[in-house]
Every structure is written in C-alpha cells, then in structure tokens.
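If you read the sequence from its start, that first residue is 1, and numbering goes on from there.
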Amino acid sequence: PWDGKVVITIQNDEPLELKLRIPGWTDQWEIRLNNDITDRGEITESVDIYPQMMQRSFYRSIALPPAKDNTIQLDLSMPIIQNRSDERVTNNRGQIALSRGPLVYCLESESEINSPVDVSALQFTTDEGTFNEKIGLLSSDTVTFIPYYKWGNRGKRKMKVWFQPK
C-alpha cells in the first residue's frame, strides 16, 4: 500500500470485461492495458469526512482481448488526507486524523500526546529498519506518524489517531 501501483496479469481465451475499483481516497488514476493508457481521470471534489470520501468510490470497466498475458496496471495517487470527524462525535470536534491511501496513521509515544501538531510539513517516506519490514511513515522534523496497524509493535506505548492541528 505504499506506492499506489496495482499490477494484474490475466490469461484469458475469450474477451473479458474487468471492473477496477477506483477508491474514494484517490484524486487521480490511470489504467494501462499492456502498457497502453486506456483510462485516466481526476476527482476535483474535496471531501474530508471519511465515510463521504468512500462514497466517491466507483468502478471503471476495461475490455480485455483474448491473450496469454494481459497486464493491467492501475496507478492511484495517494495524497496525505486530513480527515475531520463528523461533528456529532463531540470528543473529536476540531481534531483531524491523517490517512494516505487505504491506511490511517497515528502518533505513537511513550509519553502523553496532547500538543497541537503542525501537519503542513509532513512528507511520505518509507522505513525498512524500525519495524523489520518496509513501512510508510508520515514525518517532518518534529513528528512522525506510523500506520495504525503498527501501533504497539515496539512495546507498550500511547497512541493517538485524532489530534489537534496547529
């Protein structure tokens, strides 16, 4: 889930229609069949509440000719998204959560996490040493967000998904 690239190889003896899901978290996509661009697009509507974002998901059809190796490549942009909570969730009012692609990120620390966070300088990076496998991080000079699913892998620590932005 780090680079937004999906590659599928299909062997089909007859023509086939394949439907690819374009997830609501992306704002640009490109579909290639055997290295030829067959579809591309952009979503310009901005949505920052996660369930509404997922409602933007849709499918694109691609016609596959009979072939021993049809290679389909789906490239999805993966911007860092600042999600705001539904206002009915009173504990999260005025706070945001970060996501990139299909993953939600969190702050993890051995001490309390209560200070507002400046997210304007966050960049996506990969790390292969901290967790003994390649993972994506959102980091700046002062803070690092890890994928939520990795919380607690380095021992008992406090975690926060929803936080006050600066």
Side-chain angles (χ1 to χ4, degrees), residues 1-107 117 119-127 133-140 144-151 159-165:
W2 311 125
D3 62 8
K5 294 187 185 320
V6 179
V7 178
I8 304 167
T9 302
I10 296 178
Q11 299 173 359
N12 53 305
D13 295 331
E14 298 182 17
L16 178 68
E17 179 184 39
L18 180 67
K19 292 188 183 243
L20 298 173
R21 182 175 176 269
I22 309 298
W25 47 257
T26 193
D27 57 6
Q28 295 179 336
W29 73 93
E30 182 177 274
I31 300 171
R32 292 176 177 265
L33 173 59
N34 301 322
N35 289 325
D36 295 327
I37 296 173
T38 62
D39 192 10
R40 65 167 43 137
E42 183 175 357
I43 299 172
T44 56
E45 168 195 1
S46 178
V47 177
D48 61 0
I49 298 178
Y50 198 78
Q52 292 173 0
M53 189 183 313
M54 289 303 96
Q55 290 173 1
R56 295 188 328 176
S57 299
F58 59 94
Y59 290 86
R60 299 302 277 195
S61 293
I62 181 169
L64 303 179
K68 289 189 177 186
D69 285 316
N70 275 314
T71 301
I72 301 99
Q73 182 172 333
L74 173 61
D75 290 324
L76 303 167
S77 67
M78 295 177 61
I80 298 171
I81 298 172
Q82 296 181 31
N83 302 282
R84 68 179 176 85
S85 177
D86 188 302
E87 288 297 316
R88 294 174 289 185
V89 183
T90 56
N91 287 345
N92 291 344
R93 281 193 189 147
Q95 298 187 54
I96 62 171
L98 297 176
S99 62
R100 182 177 179 274
L103 299 177
V104 172
Y105 284 77
C106 69
L107 286 167
V117 177
V119 295
S120 63
L122 288 176
Q123 297 288 320
F124 175 76
T125 60
T126 56
D127 178 299
E133 66 178 282
K134 181 178 177 180
I135 68 161
L137 304 173
L138 304 180
S139 58
S140 69
T144 298
F145 288 80
I146 65 170
Y148 175 79
Y149 78 90
K150 281 294 187 184
W151 170 47
M159 180 274 298
K160 196 166 202 171
V161 171
W162 294 97
F163 62 92
Q164 187 73 37

Item to check | Those residues that, when tested against T90, pass side chain to side chain contact (heavy atoms under 4.5 Å, CB included) (two or more places apart) | outcome: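 Scan of T90 (side chain to side chain contact (heavy atoms under 4.5 Å, CB included), adjacent residues dropped) gives R93.
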Next on the checklist: So, using side chain to side chain contact (heavy atoms under 4.5 Å, CB included) as the criterion, who are the partners of S140 when residues are at least two apart?
Outcome noted: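 Partners of S140 under the side chain to side chain contact (heavy atoms under 4.5 Å, CB included) test: A121, L122, T142, V143.
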Checklist entry - Passes side-chain contact (heavy atoms from CB on, under 4.5 Å), D127 versus T125? Steps please. => result CA-CA 7 Å; D127 178 299; T125 60; 5.9 Å; no
Next on the checklist: Would you say that more than 12 heavy atoms from the other residues, nucleotides or ligands in this model lie under 6.0 Å from the CD of E42, or not?
Outcome noted: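 Yes, the 6.0 Å shell around CD holds more than 12 heavy atoms from other groups.
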Contact between [X] and [Y] at the side-chain level, heavy atoms closer than 4.5 Å - yes or no?
X    : Y    : value
Q95  : S85  : no
I135 : W2   : yes
L74  : I22  : yes
M78  : F124 : no
W151 : V161 : no

Next on the checklist: Can you tell me how the ring of F145 sits relative to the ring of F163, calling it parallel under 30°, perpendicular over 60° and tilted otherwise?
Outcome noted: tilted
Next on the checklist: Holding to salt bridge (Lys or Arg N to Asp or Glu O under 4.0 Å), I want the full list of residues that pass it with K150, two or more places apart in sequence or in another chain.
Outcome noted: E133
Next on the checklist: Salt bridge or not between D3 and K5? Use side-chain N to carboxylate O under 4.0 Å.
Outcome noted: no
Who passes side chain to side chain donor-acceptor pair (under 3.5 Å) against [X], sequence neighbours left out?
X    : value
R100 : none
Q73  : D75
S77  : T26, D27

Is there a donor-acceptor pair under 3.5 Å between the side chain of [X] and the backbone N or O of [Y]?
X   : Y   : answer
R40 : E30 : no
T71 : T9  : no
N12 : P65 : yes

Item to check | Minimum heavy-atom distance between Q164 and G94, given as atom pair plus value | outcome: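 Heavy-atom minimum between the residues: NE2-O, 3.3 Å.
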Next on the checklist: Can you give me the closest heavy-atom contact between L33 and A63, atom names plus distance?
Outcome noted: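 Shortest heavy-atom separation between L33 and A63 comes out as CD2-O, 3.6 Å.
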Which distance, rounded to the nearest 0.5 Å, do you find between the [atom1] of [X] and the [atom2] of [Y]?
X    : Y    : atom1 : atom2 : value
Y105 : I80  : OH    : CD1   : 8.0 Å
C106 : L138 : SG    : CG    : 10.5 Å
E87  : N92  : CD    : CG    : 10.0 Å
N34  : I72  : CG    : CD1   : 7.5 Å
I96  : N83  : CD1   : CG    : 8.5 Å

Next on the checklist: The test is side-chain contact (heavy atoms from CB on, under 4.5 Å); show your working for L76 and W25 and say whether it passes.
Outcome noted: CA-CA 9 Å; L76 303 167; W25 47 257; 3.8 Å; yes
Item to check | Qualifying residue for side chain to side chain contact (heavy atoms under 4.5 Å, CB included) with I62, from I8, L16, I31 | outcome: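 The residue from I8, L16, I31 that satisfies side chain to side chain contact (heavy atoms under 4.5 Å, CB included) with I62 turns out to be I31.
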